[in-house]
Structures are given as C-alpha cells and as structure tokens.
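Since the structure comes first, as structure tokens, the remarks are kept for the end.
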Protein chains: 2
Amino acid sequence: GLAAPAIAQENPKISWRLTSSFPKSLDTIYGGAEDIAKHLEAATDGNFTIQPFAAGEIVPGLQAVDAVTANTVEMAHTCSYYFWGKDPTYAIGTAIPFGLNGRLQNSWFYQGNGNTLMNEFYATQGIYGLPAGNTGAQMGGWFRKEINTVDDLKGLKMRIAGMAGKIVEKLGVIPQQIAGGDIYPALEKGAIDAAEFVGPYDDQKLGFEKVAKYYYYPGWWEGGPVVHAFINLEKWNSLPKHYQAALTDACAFANTNMMARYDMKNPQALKQLVANGAELRPFSQEILEACYAAALSVYEEISASNATFKKIYDDQLAFKKDAYLWMQLSEYTFDTFMMIQQRAGKL
Amino acid sequence: GLAAPAIAQENPKISWRLTSSFPKSLDTIYGGAEDIAKHLEAATDGNFTIQPFAAGEIVPGLQAVDAVTANTVEMAHTCSYYFWGKDPTYAIGTAIPFGLNGRLQNSWFYQGNGNTLMNEFYATQGIYGLPAGNTGAQMGGWFRKEINTVDDLKGLKMRIAGMAGKIVEKLGVIPQQIAGGDIYPALEKGAIDAAEFVGPYDDQKLGFEKVAKYYYYPGWWEGGPVVHAFINLEKWNSLPKHYQAALTDACAFANTNMMARYDMKNPQALKQLVANGAELRPFSQEILEACYAAALSVYEEISASNATFKKIYDDQLAFKKDAYLWMQLSEYTFDTFMMIQQRAGKL
C-alpha cells in the first residue's frame, strides 16, 4: 500500500552527533546540549535524535565549528566568539564587549535582525546558527591584587581571550590564553595576575578564591553571552521542515533554560565563595570608561576593514541605543527597588 | 496491514480551539497565542493544530479559565492573576506586587519549584499551565496630576485591578475596575484620576497621554508578569507524549518571544509618547516603600487563611531573596554602566 512508504518519508529516523565546546563538569553550560537533545527527541517521538559529546571526545572544544563545516559532526554547541580569529564577525554572535544584556540579546536575535544577519554570515561558513543558551552577565574575574585605576592595569598578566583581550591590551594588560584546567596553577604560581572564567557556579569548581581572592564585576566583555547551536548548512537544509521546526523550538527552550539554571545556581555559589574568602569588588568607573573607549576604537578599526562586521555591528548598535533607553525605566527601577530591599534584609 | 493503524495512533490529527483573554489589537500579547499555534503546527507537520480566538469571540476574556475547566475550549492564553477572585493563589502564576522580574520568573518556573507548585494548584482547577509569554516590567500608569507623597494617593480614583488594587486601597486609593476600551473616556471626563494599563506600545494605542499626561514607573505590581497557556487537564493528559513535548516547546518559544517583541516595540512607542506630551515620572521612594509595606501585610493576611498560597508564596520568596542578591552584581552593574552611556549619548 501507499501508507507505509509515504509515512517513512514524513518521519525519517535521523541520528546526529553534536560536539560541545564544554566539558561535562561545567554541567550548566554543557546541559544546554542535553536539553536540546532531550526536547528534540521528545517532540519527534524518538525519530530525530542527537547525541551530545563533550569537548575532546570527538574534536577539541575550539574546533567545534570546523568539525561542523567539514561535516565531521552535524552539530556543535559552542560560543560563536571562540572563532573570531577566522573573522571578527563571529564575535557578535555571542557577545561583544559592552554589547547587549541577556534579555536584549533575545530581542535582537528573535525580533530584531540578529538571527537573519548572523545567519547570512554563518552561511558563508557552511553553518546555520540558533541561539541555544545564555549565561547572563558574567563576572569580571579573579585578581591577586586590587585594581583601582587604569595604571593598575599596566603590565597585568591576565587570562582573557578574544576581543576583550585585544581591548585590554590597549590599556597595558598582557592577555594570556590558558585552558580552563591550567588557570589555577598559573594563578597559584604567580605566572598570571588575574583570570576571567564565567561566574560563581562555574568558577567555584576551580577554587580560584584560594589563590586570587578579589572577585571583580561586571564582566563587561560578556553582558549576555549567547551559546549557539551550529548545524552543518547542507544537513540543516536537508531536514524535513517539521524537524527544523522542532529543533528550532528545542534550541529556544535550551536558550531560556540555561539562564534560568544559572540564576538558580549562582546565588548559592556566590554565598559559598564569599564564605570561603572571596572579596567582591566592582570595577571602578575610571576603569570601565577606559575599557569602553578602547572597545569603541577596536570596533572602529575592525569596521574599517570588514564590511560584514560593520553592517551587523551597526545594526546591533542602533537596536542597543533604543533598548537601553527603554530598559532604564520600569525594568531598572523595579529591580533597583527590589535590590534595595534585598540589601536591607527586607525581602 | 499493521502499518497504517499503528501510525495513525502515533500522529493523530488533533484540532483545538484557544480562547485568548486579549483583543487582536493588542498584537504583541495576542501574538503569543499565534506563536504557539504556528510553532506547534510546524513541529507536528500540521497534525496538531490550535486555532486562536480573540477575547469575546467564544467567551469574554475574563472567562478564559472557566471555559477551559468546562472544556468549552481546550486551551486559553491568559493571565493567571485575572482569576485571583476564585483563589488568590492564581495571582502568583502571573506576578504578585514586588515579585520577580521577567528573567527571574523564568528561573523560578523552569528551574525552581514554580511550574511544579503552580501545576499542583492548577490541577485542583482542572487545568495545566505552561508559561507562554511575559511583558517585562510594566509601567505604573497614567495620572492626571503629579503624585509625590503617600498623602497624594488618598481618595485617588485609579483604574487598577486585582491584588494591586487591594494593596493601594490600604493607602487610600479607590480602585476601579474598568475595561480597556472604557479607560480613555473615564480619564477624559475626570471620572477617574489615574489608570494603569501595560506599557508604551500597548498604551499608545489608547492615547492616554492626551488626557492624563504623567506617566509613572515602575509598575511595581507587575515586575515580570507571565502570560500562561492553560490546557484542560484531561485533554492535556490524553495527548501523546510527543505532542505534549511539542506544545511545551512551542510555549517556551512564545514565552521568550513575547518579551523580545515588547523590547523591540516599546522604545519607539516611548519616544513617540514623550514627543506627544507624555511626562515621565518615577514613583517616589516614599510611595514605593509604603506600597511595599502594604503588600507585605496583604501577603500575611492571605497566608494566614490560605495554606496553598502560603506554601507557594514562601517558596517564591526564598528564591527571590537569593536571586536579587546575585542579580545586583554583574547584571545590574553592567546594565547601569550601559544606561549611563545611553543617557550621555555615548552609545
């Protein structure tokens, strides 16, 4: 009869592999890939499955995009900005310093031009991208000594990567590229003076407070970093439309759920870190202003030579100007009032 | 053969009706129901469809939950707190005054105990609930005169509903229940002195700035109101698991996408409102503190006589204390710096 073959086409059995750029020990961010896999399998009645692999199991974390482009794996769960060395446009996909907060990233990607513009770029790389996680604003990292002025940054050896490294370099910082597991001994031995990682829940696992107790905020280079699902473009285009739809929604769930998980886990970790000796410090306004000026000059330099970066950066900038106007009314003043009550012990 | 009937069971054709509590003219909030329908249909290859109806087409907006409980329709897209007269526990599902902001609502619902506890309650009402939209912090509404002190609230006739009405009543406000379309003439004639609605994009459609130009913020009674999808509990339980999964993810997408849409549309509307004569005013700290104290006394009163409310309120409160501790570090200081740049015209 006709029924069986027709239906076999409608709901083909598809099994993909996904390479994460994260180790399983970072369960919150690695968990985003598990969320995608679980929700996709459930929504397709087990017909479309994805098996997540931790960084290093198939390819190293920083080769995730290459592995998708080459179709070694069909998918990756990673941060677009890890690949900014190929093209700085990749950085905008995750977060550029002094960019958007987590909530506004969603607005720019889903309702602004974010997804459209970034996917025009990603198509040139043979990949298709879907936002699939956000950590919220990260911390500014761990410092062995207090830093108060821009002068204190001069000669500071700091583990900080990507575009943020390029920016602080303008202020005299010596950026260092160090894998997560090697940060602690480098700080302990004094080979570096400071290191940024993620936020309380992830940082706590590495014990930084024992060797560099000053914990600075905010992580101005990551105000709302997006974690992406990247899919080999031909594989994406070959999917039945309803599998594309189910994967899109699974990624949307993972996107919101990751920040939900961080907001649930970070408060306890923060309290424990402080109990163990971490000292919280805000970056001074002087330092923030200098970093901001340096960031603008970096964007100007890149825009002068990279038309794709310029086009997308300008679009996000126009969105940002309006968005922060609106957010400073009700959202900000509501939060401010609630935080005043929290500090006063009146919640 | 066996194939056809087995497959017919796997992907049954299901068509549901959804009653929205909103008119189509409020396209952002009504659009949440359209998002759910569109994403669900796409993910199920057209097998599971939902037809949304505007408020009044099947039942009036404020009968949405009754219609789902009675199975007049299978689903509603509405605000849980509209039904707090049945049981104040309904209010927690959307937002209680001085509750959580939009981002923290997601954390409490998805990763805290929110969805579990609220659905234990909703089950007693014959419904199952999924977060399916959020407006972000709303505005405090339109006032014909400036209000600066708690004394200025005495005798003020204000269109404000639900638990917020009960709270401001303690401070001498005379709360009024008025349908959306009737607010403008009531303000124009001076039958009321103030009215709260939503935020710039929705408020602009009703032209309030012409008759009550002082536009206050924040809407402390709605720091992050959730819009729910409610499903008749028996209908939910009768769905194939993969349809439940697809509907869950479609609602998660709608949840994030609604706030994304508001954050995209509110800035332009805000600028136009101000250009048309609206005058922005923050509620004074004195007024906020008095409202907060009144809110706490209302929660104490309700908790004394309603064990379900108390259980869920206490759970959310414990979450809230930790969450606002964490949010005031990186997230808040990042946003603050960006808003300073925005105000200085330096973005």
Side-chain angles (χ1 to χ4, degrees), chain A residues 1 3-4 7 10 39 42-45 98 101 103-104 106-107 110-112 136-139 217-220 223 241-242 245-246 249-250 252-253 256-257 260-261 263-264 266-267 270 282 288 292 320-335 337-339 341-342 347, chain B residues 1 3-4 7 10 39 42-45 98 101 103-104 106-107 110-112 136-139 217-220 223 241-242 245-246 249-250 252-253 256-257 259-261 263-264 266-267 270 282 288 292 320-335 337-339 342 347:
Chain A
I7 284 155
E10 279 165 14
H39 279 249
T44 62
D45 204 13
F98 301 103
N101 67 20
R103 168 169 161 173
L104 295 180
N106 285 337
S107 187
Y110 290 138
Q111 287 290 324
Q138 296 192 3
M139 291 289 283
Y217 61 90
W220 47 264
K241 293 286 176 213
H242 61 296
D249 285 0
F253 177 81
T256 299
N257 200 41
R261 205 174 259 143
D263 284 338
M264 192 74 198
N266 274 327
L270 179 67
L288 289 175
Y292 182 60
K320 182 162 72 173
K321 287 180 187 185
D322 280 344
Y324 279 117
L325 167 68
W326 161 235
M327 278 206 82
Q328 72 193 254
L329 282 190
S330 278
E331 193 68 33
Y332 187 76
T333 54
F334 178 82
D335 286 343
F337 182 81
M338 296 307 291
M339 289 167 190
Q341 306 312 311
Q342 193 280 331
L347 280 188
Chain B
I7 283 154
E10 279 165 14
H39 280 248
T44 62
D45 204 13
F98 300 105
N101 67 21
R103 168 168 161 173
L104 295 180
N106 285 337
S107 187
Y110 290 138
Q111 288 289 325
Q138 296 193 1
M139 291 290 281
Y217 61 90
W220 47 263
K241 292 287 176 215
H242 60 297
D249 285 1
F253 177 82
T256 299
N257 201 40
M259 195 148 75
R261 205 174 260 142
D263 284 340
M264 192 74 198
N266 273 327
L270 179 67
L288 289 175
Y292 182 59
K320 183 163 72 174
K321 286 180 186 186
D322 281 345
Y324 279 117
L325 167 68
W326 161 236
M327 278 206 83
Q328 71 193 257
L329 283 189
S330 278
E331 193 68 35
Y332 188 76
T333 55
F334 178 82
D335 286 343
F337 182 81
M338 297 307 290
M339 289 167 190
Q342 193 281 330
L347 280 188

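A, B, ... follow the sequence lines: proteins, then strands. Residue 1 opens every chain.
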Non-neighbouring partners of A:Y110 that pass ring pair (Phe, Tyr, Trp, His ring centres under 6.0 Å), sequence neighbours left out
B:F253

Interface moiety of A:Q341 toward chain B, non-hydrogen atoms closer than 4.5 Å:
side chain

Euclidean distance, A:K321 NZ relative to B:L347 CG, rounded to 0.5 Å
7.0 Å

Who wins among A:A252, A:A43, A:P282 for the most heavy-atom pairs under 4.5 Å with chain B?
A:A43

Pair B:R103-A:R103, side chain to side chain contact (heavy atoms under 4.5 Å, CB included): steps then yes or no:
CA-CA 7 Å; B:R103 168 168 161 173; A:R103 168 169 161 173; 6.0 Å; no

What residue in A:T256, A:N106, A:L270, A:L329 has the most heavy-atom pairs under 4.5 Å with chain B?
A:L329

Residue pair B:E10, A:D45: steps toward the side chain to side chain contact (heavy atoms under 4.5 Å, CB included) verdict:
CA-CA 8 Å; B:E10 279 165 14; A:D45 204 13; 4.2 Å; yes

Interface moiety of A:Q328 toward chain B, non-hydrogen atoms closer than 4.5 Å:
both

Looking only at heavy atoms, what is the nearest atom pair of B:D249 and A:A250, with distance?
OD2-CA, 3.7 Å

B:E331 versus chain A, heavy atoms under 4.5 Å apart: side chain, backbone, both or neither?
both

Residues A:Y324 and B:F334: closest non-hydrogen pair is OH-CE2, 3.4 Å

Give the member of B:A245, B:G219, B:A246, B:P267 that has the highest number of heavy-atom pairs under 4.5 Å with chain A.
B:P267

Between A:S107 (side chain only) and B:A260 (backbone N and O only), is there a donor and an acceptor less than 3.5 Å apart?
yes

Would B:M338 and A:K320 satisfy side chain to side chain contact (heavy atoms under 4.5 Å, CB included), going step by step from the backbone distance to the final call?
CA-CA 9 Å; B:M338 297 307 290; A:K320 182 162 72 173; 4.0 Å; yes

What part of A:F98 lies closer than 4.5 angstrom to a heavy atom of chain B: side chain, backbone, both or neither?
both

Could you give me the CA-CA distance, side-chain angles and deciding distance for A:F337 and B:Y292, then say whether ring pair (Phe, Tyr, Trp, His ring centres under 6.0 Å) is met?
CA-CA 10 Å; A:F337 182 81; B:Y292 182 59; 5.7 Å; yes

Using the test ring pair (Phe, Tyr, Trp, His ring centres under 6.0 Å), find all partners of A:Y332 that sit at least two apart in sequence or belong to another chain.
B:Y332

Kindly compute the distance separating OG (A:S330) from CG (B:N266), expressed to the nearest 0.5 Å.
9.0 Å

Stepwise, does the side chain to side chain donor-acceptor pair (under 3.5 Å) test hold for A:D263 with B:Q111?
CA-CA 9 Å; A:D263 284 338; B:Q111 288 289 325; over 6 Å; no

